[in-house]
Undergrad: 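Can you read through this structure? Questions will come right after.
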Amino acid sequence: MTLEKIKIAIDGPSGVGKSSVSKYIAKKFNLIYLETGIMYRAVAFYFLKNNLDYKSFLCIKKNIFRFNLEIKIVDNISKIFLDQEDISDSVKNSKTSQIASIIAENSIIRENLGNMQKKIARENNFIIIDGRDIASRIMPDANFKFYLDATPKIRAKRRFEENLSDNKSLEFLEKEIRFRDMRDKNRNIDPLKISKDSTIVNTDDINFVEVCKKICDIIKSSDK
Ligand code: DC
């Protein structure tokens, strides 16, 4: 298989395993991996750290240019820097992630982060990007588009079993996931939705290895 470009868009709801799958596929095909969720999380991190009102459009407008956000690709994986500090690990917690979902409804933020993402997508022909609006907005020219899905119950169960639950009960996790889905799917701008040209990979009854195999097989058998 010799493809002139491998541009893969992976969309899907929170907790469906996009980032583990994307990392695996990136390694397998030697691609750059851009995780767009950490960019929204980084803005949330800034607002939380500085005790700013992340629900206020005006406050966001006033503060969006006060910090410097950079995404750097290190060893093929995206790292996020806030005012020169690598905060990639600090943004990986449930609070930052919840606030990121609220912040992601803001048009100024979406435009800014979206432009940074589109630039990286344009400049790289061997790339996998994951998020919510990748197939439709960030990389519409991707030659492979996937939408990973699983029911809230299954996603909550996995999170619970992987011990990523911060001691929350299974019921609470499921409620949290449903609430997040509702916000991500119903916002006015770039809501999470299945792009018409995406292949849906339902992961309810298949494990991580099987999901990766399914995606790898589609890429390997393609002449796009
Ligand atoms: O992928 P994640 O869970 O790290 O994303 C955190 C939040 O960021 C998610 O709830 C919605 C928002 N997000 C978005 O709106 N668009 C993206 N491309 C990626 C994330």
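Please read all numbers here as calculations on a predicted model, not as lab measurements. As the structure lists them, so they are numbered: ligands from 1, and atoms in each ligand from 1.
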Undergrad: Atom 19 (C) of ligand 1: which protein heavy atom is closest, and how many Å away?
TA: T36 OG1, 3.4 Å
Undergrad: Quick test: of every protein heavy atom, which one is nearest to atom 7 (C) of ligand 1, and how far off is it to 0.1 Å?
TA: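 Its nearest protein heavy-atom neighbour is A100 CB, 3.8 Å.
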Undergrad: Could you establish whether E105 and ligand 1 come within less than 4.0 Å of each other, counting only heavy atoms on the residue side?
TA: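 It does not, in that no heavy atom of E105 comes within the 4.0 Å cut-off of ligand 1.
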Undergrad: So is D130 polar-close to ligand 1, meaning N/O to N/O under 3.5 Å?
TA: no
Undergrad: Are any of the N or O atoms of Q117 closer than 3.5 Å to those of ligand 1?
TA: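 By distance alone, the answer is no.
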Undergrad: What part of E35, side chain, backbone, both or neither, has a heavy atom within less than 4.0 angstrom of ligand 1?
TA: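 For E35, there is no contact with ligand 1 at all, from either part.
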Undergrad: Give a yes/no on ligand 1: does R187 have at least one heavy atom closer than 4.0 angstrom to it?
TA: yes
Undergrad: Which heavy atom of the protein is the closest neighbour of atom 13 (N) of ligand 1, given with residue, atom name and distance?
TA: Y40 CD1, 3.6 Å
Undergrad: Please identify which of these residues, S97, S88, S90, S101, meets the side-chain contact (heavy atoms from CB on, under 4.5 Å) condition with R41.
TA: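 By the side-chain contact (heavy atoms from CB on, under 4.5 Å) criterion, R41 pairs with just one of S97, S88, S90, S101: S97.
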Undergrad: Could you check whether R187 pairs with D133 (Lys NZ or Arg NE/NH1/NH2 to Asp/Glu carboxylate O, under 4.0 Å)?
TA: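 Not counted as a salt bridge, because no side-chain N and carboxylate O are separated by less than 4.0 Å.
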Undergrad: Examine the side chains of T203 and R158 and answer whether a donor and an acceptor come within less than 3.5 Å of each other.
TA: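 Yes.
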Undergrad: Please tell me whether S94 and K168 have a donor and an acceptor in their side chains that are separated by less than 3.5 angstrom.
TA: yes
Undergrad: Report whether L82 and V43 are members of the same hydrophobic cluster (ILVMFWY, side-chain heavy atoms less than 4.5 Å apart, transitive linking).
TA: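 Yes, because L82 and V43 connect within a single hydrophobic cluster, where side-chain heavy atoms sit under 4.5 Å apart.
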Undergrad: Just need the protein heavy atom nearest to atom 12 (C) of ligand 1, so name the residue and atom and give the distance.
TA: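 Nearest protein contact, heavy atoms only, for atom 12 (C) of ligand 1 is A104 CB, 3.6 Å.
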Undergrad: Do N188 and E105 touch side chain to side chain, with heavy atoms closer than 4.5 Å?
TA: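 When only atoms from C-beta onward are counted, E105 and N188 do not touch, as no gap falls below 4.5 Å.
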Undergrad: Within a distance under 4.0 Å of any heavy atom of R41, pick out the atoms of ligand 1 and give their elements.
TA: 2 (P), 3 (O), 4 (O)
Undergrad: Looking only at distances, can you tell me whether any N or O atom of R132, backbone or side chain, sits closer than 3.5 Å to an N or O atom of ligand 1?
TA: yes
